[in-house]
Amino acid sequence: MAVETKDTKAFPRGELKTYGLMELVRGTSPLVGKGPENTVFAFPIVAILEALLAIGTTLFLLLFSLLRDAPLEELANPDLTTNPAKAPWYFMALQELLLHMHPVLAGILVPGLVVLFLIALPYLDNDPADSGRWFASSRGRKIVIWTALYTLLVQAALIGFDEFMGLRGLGAASPAILQFVGPILFGVLLLGLPLLLLWRFKPNRREVMLLIFTVILVSAVVLTISGFLFRGPGMHLYPPWNMPDGYNPWSSL
Amino acid sequence: MANLIDSITASRVWRSFFRHGWPDTEINRSLVMTTNIFFHLHPVKVSRKSLRASSTWGLGVIATILFIILTLTGILIMFYYVPSTEMAYDSIIILQTKVLYGQLMRNMHRWAAHAMVLVVVLHMLRVFYTGAYKPPREFNWVVGVFLLLMTLGASFTGYLLPWDQLSFWAITVGTNIAGYAPLIGPKMRFMLLGGFEVGQNALIRFYALHIMALPLLMAGAASVHIWRVRKDGGLAMQGGQEELLDIE
Ligand code: HEM
């Protein structure tokens, strides 16, 4: 303990101190580059903004809760299946996927890959130069807009195709093709085509991530809306304003 | 009057609570932030730009607020709710019809739950499209992904509790999806439900997860998450302050 070294001579241990100098390191503090002219004291402005958000959120919820009651149906009855039987809306993208492919793909592989992608994302794209700027650049913004439009159209078309014709309609019969090969092929094309196109413009990593993330996001949104709003009895597609049997998709919130 | 206020704020009791003077000087404004545990999650100084609505749309803060509203309304509902298949449904009916503001409490809890899922997703989109996941914020992004998964879990486990047709079949359909995993799927589903079907065991498990396990984990993770925003140098902003914390 009490070994005298060059360091302890230069920085003697204080009698009352419970800490000591351990090591000198090179590095910059979190505020480097944020000149004083760019910053303000967090108190009171941040406290005021947060209080305003709290009041606004609470009032909005209160008002909404006065206007709309939470749903409550009949007592649970395991012998009487509801038609349709739907998962909560935030899982409807998965349930919609289940209609189109093998459960191992829809229930495990696809969501698993999405979560893995999200976790790996900051390690795949780690150049902080353009961090903090919406869409990185005007080119990034264009990539996002075109990708979103493309995914919206293709995903909606795929859902419609599978409902009204499907690979079965084209003559495929083997379950392996219907449940695995077909859906995987469509998935790879959905993501691969725009990636190939983008490749010709020599994208940086951020732009590749913008594209992949947008394909996933818009697909999830389209699948959720289709499953939540357009699926009626028998999980078939209907216009949401004209469901058979008086089924109202909104009643399941 | 001024005398009275002075003597209160100079009293030993007051000063044992607040270890700083009136926050009209820079040192006292710093002390407000550093001597209060809730403010201490924030930085002392923030960049002007980060206060603009278009920087964050306030979504992380709104998610935190919704979590607090859910905790408060949830506690009130717990005073009446009974997690048994025999009584759960009736206790909800009683809450709605016999308890003063009971229906309002349930409505607020329900709508806040939906809103929180939506707001957390929107917050993730904001963080992604502003590129705020990049170093030094990788870890906080990953904490965020787990917060998202826990938010979904908390919402899903709560969905079963009213024990009506909607809950029962939504949870049956939802847990069936988990059962599709090869090999471990059926085991996972059995563990989640405490049986092969949604019944009393599932209800009590979902209840324990919903009112205790997930909220505790989320409160812990959210504290780490928000504190980490400060430790990572505040919000990601353009203006040359990047490549922070590259301690070697
Ligand atoms: C319960 C859920 C969550 C809560 C309560 C929460 C709360 C917050 C708060 C209060 C901030 C400060 C800035 C702001 O308001 O935007 C923040 C920033 C951040 N959040 Fe979250 N968050 C949650 C979920 C997520 C998710 C799902 C992700 C991503 C997958 C995420 C990633 C981040 C990152 C990387 C930052 C730093 C952003 C920057 O520096 O600009 N968070 N979060």
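The chains referred to below are lettered A, B, ... by the order of the sequence lines, with proteins before strands, and numbering in each begins at 1. Computed from a predicted structure; not experimentally measured.
With a 4.5 angstrom heavy-atom cutoff, A:R141 does not touch chain B via any of its atoms. Heavy atoms of A:T214 lying under 4.5 Å from chain B belong to its backbone as well as its side chain. When heavy atoms are compared at a cutoff of 4.5 Å, A:P78 approaches chain B by way of both its backbone and its side chain. Only the side chain of A:L98 comes within less than 4.5 Å of a heavy atom in chain B; its backbone stays farther off. Interface residue A:L62: backbone and side-chain heavy atoms are both found under 4.5 Å from chain B. Heavy atoms of B:T172 lying under 4.5 Å from chain A are absent altogether. For B:L118, the parts lying near chain A are the backbone and the side chain together; criterion is any non-hydrogen pair under 4.5 Å. Residue B:I69 touches chain A through its side chain alone, counting heavy-atom pairs closer than 4.5 Å. Only the side chain of A:L49 comes within less than 4.5 Å of a heavy atom in chain B; its backbone stays farther off. Proximity to chain A (any heavy atom under 4.5 Å) is shown, for B:H114, by both the backbone and the side chain. With a threshold of 4.5 angstrom between heavy atoms, B:V142 approaches chain A through side-chain atoms but not through N, CA, C or O. If you measure heavy-atom distances from A:L253 to chain B, the contacts under 4.5 Å come from both the backbone and the side chain. Only the side chain of B:M33 comes within less than 4.5 Å of a heavy atom in chain A; its backbone stays farther off. Proximity to chain A (any heavy atom under 4.5 Å) is shown, for B:S50, by neither the backbone nor the side chain.
Annotation: maximal heavy-atom pairing with chain B below 4.5 Å, among A:A136, A:A120, A:G107, A:A76, occurs at A:A76. Of the listed residues (A:E50, A:H102, A:M209), the one with the most heavy-atom contacts under 4.5 Å to chain B is A:E50. Ranked by heavy-atom pairs under 4.5 Å with chain A, the first of B:G131, B:G185, B:G199 is B:G131. Heavy-atom pairs under 4.5 Å with chain A were tallied for B:I93, B:V44, B:V61, B:T175; the largest tally goes to B:V44. Taking chain A as the reference chain and counting heavy-atom pairs below 4.5 Å, the highest number among B:G58, B:S155, B:A113 is found for B:S155. Considering only heavy-atom pairs separated by less than 4.5 Å from chain B, the leading option among A:L61, A:T58, A:L72 is A:L72. Across A:S251, A:A87, A:G112, the residue that shares the most heavy-atom pairs under 4.5 angstrom with chain B is A:A87. Interface summary for chain A: among B:L66, B:V117, B:D90, B:V119, the most heavy-atom pairs under 4.5 angstrom belong to B:V117. Heavy-atom pairs under 4.5 Å with chain B peak, among A:I119, A:V144, A:L210, A:L80, at A:L80. Heavy-atom pairs under 4.5 Å with chain A peak, among B:L125, B:N107, B:V127, B:L51, at B:N107.
Residues A:T39 and B:R48 have side chains not in contact (no heavy-atom distance under 4.5 Å, counting atoms from C-beta outward). Annotation: side chain of A:D69 is in contact with side chain of B:Q103 (closest heavy-atom distance under 4.5 Å). The shortest side-chain heavy-atom distance between B:Y133 and A:D125 falls under the 4.5 Å cut-off. The shortest side-chain heavy-atom distance between B:R137 and A:S131 falls under the 4.5 Å cut-off. A:L118 places a side-chain heavy atom less than 4.5 Å from the side chain of B:M124.
Shortest non-hydrogen contact noted between A:S65 and B:L104 is CB-CD1, 3.8 Å. What you find for B:R106 and A:P71 is that their closest heavy atoms are NH2-O, 2.9 Å. Taking each heavy atom of B:H42 and A:V46 in turn, the nearest pair found is CD2-CG1, 3.6 Å. Here the shortest heavy-atom pairing between B:V46 and A:A42 reads CG1-CB, 4.1 Å. The shortest non-hydrogen separation linking B:V32 to A:F43 is CG1-CD1, 3.4 Å. Closest non-hydrogen pair, B:Q165 versus A:T82, comes out as NE2-CG2, 3.8 Å.
Checking side-chain atoms of A:W134 against main-chain N and O of B:R126 turns up no donor-acceptor pair under 3.5 Å. Side chain of B:W141 to backbone of A:L121: no donor-acceptor contact under 3.5 angstrom is found. Within the 3.5 Å criterion, the main-chain N or O of A:P84 finds no donor-acceptor partner in the side chain of B:W169. In this structure a side-chain-to-backbone donor-acceptor pair under 3.5 Å is missing from B:D164 to A:E74. Using modelled atom types, one side-chain atom of B:K134 and one backbone atom of A:D127 make a donor-acceptor pair closer than 3.5 Å.
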Quick one, A:K86 with B:L166, criterion side-chain contact (heavy atoms from CB on, under 4.5 Å). Give me CA distance, side-chain angles, the key distance, then yes/no. CA-CA 8 Å; A:K86 290 188 185 179; B:L166 202 58; over 6 Å; no
Checking side-chain contact (heavy atoms from CB on, under 4.5 Å) for the pair A:Y90/B:V121: CA distance, chi angles, key distance, verdict? CA-CA 10 Å; A:Y90 37 84; B:V121 170; over 6 Å; no
Practice task
Using the side-chain contact (heavy atoms from CB on, under 4.5 Å) rule, take B:M108 and A:F64 through it: C-alpha gap first, then chi angles, then the decisive distance, then the call.
Solution key: CA-CA 8 Å; B:M108 283 187 74; A:F64 196 87; over 6 Å; no
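The environment of A:L59 atom CG is dense: over 12 non-hydrogen atoms of other residues, nucleotides or ligands sit within 6.0 angstrom. Atom CZ of B:F146 is surrounded by 12 or fewer heavy atoms from other residues, nucleotides or ligands within 6.0 Å. Other residues, nucleotides and ligands contribute over 12 non-hydrogen atoms within 6.0 Å of the CZ atom of A:R139. In the displayed structure, B:E197 atom CD is contacted under 6.0 Å by at most 12 heavy atoms of other residues, nucleotides or ligands. In the displayed structure, B:F38 atom CZ is contacted under 6.0 Å by at most 12 heavy atoms of other residues, nucleotides or ligands.
The CD1 atom of B:I177 sits 5.0 Å away from the CG atom of A:L94 when rounded to the nearest 0.5 Å. With rounding to the nearest 0.5 angstrom, the CD atom of B:E138 is 5.0 Å from the OH atom of A:Y123. The distance from atom CD1 of B:I62 to atom CG of A:L53, rounded to the nearest 0.5 Å, is 5.0 Å. To the nearest 0.5 Å, atom CD of residue A:E73 and atom CH2 of residue B:W163 are 14.5 Å apart. Taking CG of A:L75 as the start and OG of B:S167 as the end, the distance is 9.5 Å to the nearest 0.5 Å. In this structure, OH in B:Y180 is found 15.5 Å from CG in A:L109, a value given to the nearest 0.5 Å.
Ring geometry, A:F91 versus B:F156: the interplanar angle exceeds 60°, so the pair is classed perpendicular (tilted spans 30 to 60°). Ring orientation note: the planes of A:F213 and B:Y129 are nearly perpendicular, at an angle over 60° on the 30°/60° scale.
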